[in-house]
Visitor: 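Dropping a structure here in C-alpha cells format, bear with me for questions.
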Amino acid sequence: MLTGLYVPANRPDRFAKAVAAGPDLVVFDLEDAVPVDDKADARGWAVAWIAANAHGPVEIRINALGSPWIEDDLAAISSVPNARIRLPKVESADDVRAVLEKVPSARITALIESPLGVERAFEIATADPRVIAVALGEADLSSALGVDDTAGLAWSRGRLVSASRAAGLGAPMMSVYPRVDDFDGLRRTSLEGRLLGFVGRTAIHPRQLTTIVEAFTPSAVQVAEAEALLEAVDKAGVSEGGVIVLPDGRMVDPAMVGRAREVTALMREISSRSS
C-alpha cells in the first residue's frame, strides 16, 4: 500500500468522499480526531458504515488501552468480521494480545508512539500472526523524545522499518504530515522516509495523496536499472539461488535480484492507478 487516508469517525458525511479519493487504505479515527462527547455516535457510525460497504481495505483506529472508551470500541468492532484495528499507543506484545483476546477475528496495525514502544518494535511486530503492520505515531513520539525536527526521528523510523522487515511484514507506511497545504514539506519528509525504507504514507486530507504517490514512485533510472538487471538474469537462464555471473561479467546476488523485483512490482502498482 502506498497511501492511507484518515477520516474522523464523527463525520459520516466524509466517509464516502474518503473512499472516492482513491487511497489504498481508509482509516476511520475514533481516537484523537473525535471529541469526547462524540465518541459513542462516531463508533456507531463507523461500524455501521463498514458493515454496509465493501470498498477495499479499511481500518478503525480505536481508543487506547486503559481509556474510558476502549471496551465499548472493542465490543462494537467484534460485530465486524475480520475487522482491521489500528491500535494506538502500543508499548508491548501484551497490548496487542489483550485486544485480540477480545476480538479474536481482528487483524492489528500496531501504532507505536513512545520510546518504550520503539525499543520493543520487533517484539510488537511478532506478537501474533494477526499483526499485519506496525506504524509510528510521530506527534507523541516527537514530544516524548524532545525533538522538534524530523531529523530527530531518523533512528526511530529506521528501527521501525528494520523491525517490520525482520518480522516478515514488509515495508511500513510513514506517519501523517500535519501541515495540509505544505506540499514541499510533505514531499521532502516523504523522500526522507523513502531513503529509510518506508513505502507509502498516511494522509489527513485527500489533496496530500498525489504528492505521497509521487514521492514514493521509483525514479526512471531506478526502474530502468531494475528492469535491465532482471532481463539479464532471465537471459542468462541460471538459478537465482546464489551469486549469478552474467555474460557481461557482473556478479549479482539474490538480494540484488530481490530488490529489483520489489522496484518493478511497486512501479506496476503505481502504473495501474492511471490505467
Side-chain angles (χ1 to χ4, degrees), residues 1-34 42 45-46 49-50 53-61 84-86 88 107 109 111 113 132-139 141-142 150 153 157 160-161 164 169-220 222-223 262-275:
M1 291 185 182
L2 273 176
T3 57
L5 179 62
Y6 278 94
V7 58
N10 63 330
R11 293 297 305 271
D13 56 307
R14 296 183 181 177
F15 292 176
K17 294 177 182 177
V19 172
D24 299 307
L25 173 71
V26 175
V27 182
F28 293 81
D29 191 0
L30 295 176
E31 194 203 16
D32 290 346
V34 179
W45 287 327
W49 195 93
I50 292 170
N53 296 273
H55 290 292
V58 297
E59 289 185 353
I60 303 178
R61 180 164 77 167
R84 291 175 56 141
I85 294 174
R86 181 163 290 231
R107 292 167 291 164
T109 292
L111 193 56
E113 305 183 66
I132 57 174
V134 289
L136 284 181
E138 294 188 348
L141 182 59
S142 295
T150 56
L153 294 172
R157 287 173 169 175
L160 189 82
V161 171
S164 183
L169 299 179
M173 297 173 71
M174 290 185 74
S175 180
V176 300
Y177 187 75
R179 301 181 182 90
V180 173
D181 294 317
D182 179 12
F183 298 110
D184 289 339
L186 174 61
R187 183 177 294 103
R188 172 180 55 79
T189 55
S190 296
L191 290 172
E192 290 172 359
R194 176 179 160 188
L195 290 174
L196 290 171
F198 286 91
V199 176
R201 188 168 201 168
T202 49
I204 57 174
H205 196 283
R207 60 175 172 260
Q208 294 180 311
L209 298 177
T210 298
T211 300
I212 291 171
V213 173
E214 291 172 352
F216 286 95
T217 298
S219 69
Q222 285 179 300
V223 174
E262 286 185 350
V263 170
T264 55
L266 179 58
M267 198 63 217
R268 284 195 300 272
E269 178 185 343
I270 294 170
S271 298
S272 69
R273 294 166 179 268
S274 58
S275 61

Visitor: Using modelled atom types only, decide if a donor and an acceptor are shared between the side chain of R61 and the backbone of I85 within a distance under 3.5 Å.
Guide: no
Visitor: Would you name the heavy atoms of E138 and S175 that are closest together and state the gap between them?
Guide: CG-CB, 3.5 Å
Visitor: Hey, are the side chains of V58 and F15 touching, using non-hydrogen atoms and a 4.5 Å cut-off?
Guide: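 Side-chain contact under 4.5 Å: no.
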Visitor: Using every non-hydrogen atom in the two residues, find where V176 and R201 come nearest and quote the distance to one decimal.
Guide: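 Reported closest heavy-atom pair: O-NH2, 3.7 Å.
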Visitor: CG of L2 to CG of L25: how many Å apart, nearest 0.5 Å?
Guide: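 Going from CG on L2 over to CG on L25, the span is 12.0 Å.
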Visitor: Could you check whether any side-chain heavy atom of R188 comes within less than 4.5 Å of a side-chain heavy atom of D184, counting everything from C-beta outward?
Guide: no
Visitor: What is the distance from atom CD of E192 to atom CG of L153, rounded to the nearest 0.5 Å?
Guide: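 The CD atom of E192 sits 9.5 Å away from the CG atom of L153.
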Visitor: Would you tabulate the side-chain donor-acceptor contacts of residues 208-216 under 3.5 Å, counting partners in other chains and residues two or more places apart, or write 'none'?
Guide:
residue: Q208; atom: OE1; partner: I204; partner atom: N; Å: 2.9
residue: Q208; atom: OE1; partner: H205; partner atom: N; Å: 3.4
residue: Q208; atom: NE2; partner: Y177; partner atom: O; Å: 3.0

Visitor: If we ignore hydrogens and angles and just use 3.5 Å, is the side chain of N10 paired with the main-chain N or O of A42 as donor and acceptor?
Guide: no
Visitor: Using 0.5 Å steps for rounding, measure from the CG atom of D13 to the CH2 atom of W45.
Guide: 9.0 Å
Visitor: Rounded to the nearest 0.5 Å, what separation is found between the CG atom of L160 and the CE atom of M173?
Guide: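 The CG atom of L160 sits 12.5 Å away from the CE atom of M173.
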Visitor: To the nearest 0.5 Å, what is the distance between CD on Q222 and OG1 on T217?
Guide: 10.0 Å
Visitor: Taking all non-hydrogen atoms of both residues into account, name the closest pair between D182 and G185 and its distance.
Guide: OD1-N, 2.9 Å
Visitor: Could you tell me which residues satisfy salt bridge (charged side-chain N to carboxylate O under 4.0 Å, His left out) with R194, sequence neighbours excluded, listed by chain and number?
Guide: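 R194 satisfies salt bridge (charged side-chain N to carboxylate O under 4.0 Å, His left out) with no other residue.
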Visitor: Tell me whether T3 contacts the main-chain N or O of T202 through its side chain, where contact means a donor paired with an acceptor under 3.5 Å.
Guide: no
Visitor: Counting N and O atoms only, with roles assigned by atom type, does the side chain of S164 sit under 3.5 Å from a partner on the main chain of A171, one being a donor and the other an acceptor?
Guide: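 No, because the side chain of S164 does not come within donor-acceptor range (under 3.5 Å) of the backbone of A171.
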Visitor: Sorted by first residue and then second, give each salt bridge (charged side-chain N to carboxylate O under 4.0 Å, His left out) pair with at least one member in residues 171-181; sequence neighbours left out.
Guide: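 Residue pairs with at least one partner in residues 171-181: D181-R207.
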Visitor: Please test M174 against R157 for side-chain contact (heavy atoms from CB on, under 4.5 Å), starting from the C-alpha separation and ending with a verdict.
Guide: CA-CA 8 Å; M174 290 185 74; R157 287 173 169 175; 3.6 Å; yes
Visitor: For the CD1 atom of I132 and the CG atom of L169, what is their distance to the nearest 0.5 Å?
Guide: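 Going from the CD1 atom of I132 to the CG atom of L169 covers 9.0 Å.
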Visitor: What are the two closest non-hydrogen atoms of V7 and A18, and how far apart are they?
Guide: CB-CB, 4.2 Å
Visitor: Any heavy-atom pair between the side chains of L5 and P206 that's under 4.5 Å?
Guide: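 Yes, side chains in contact.
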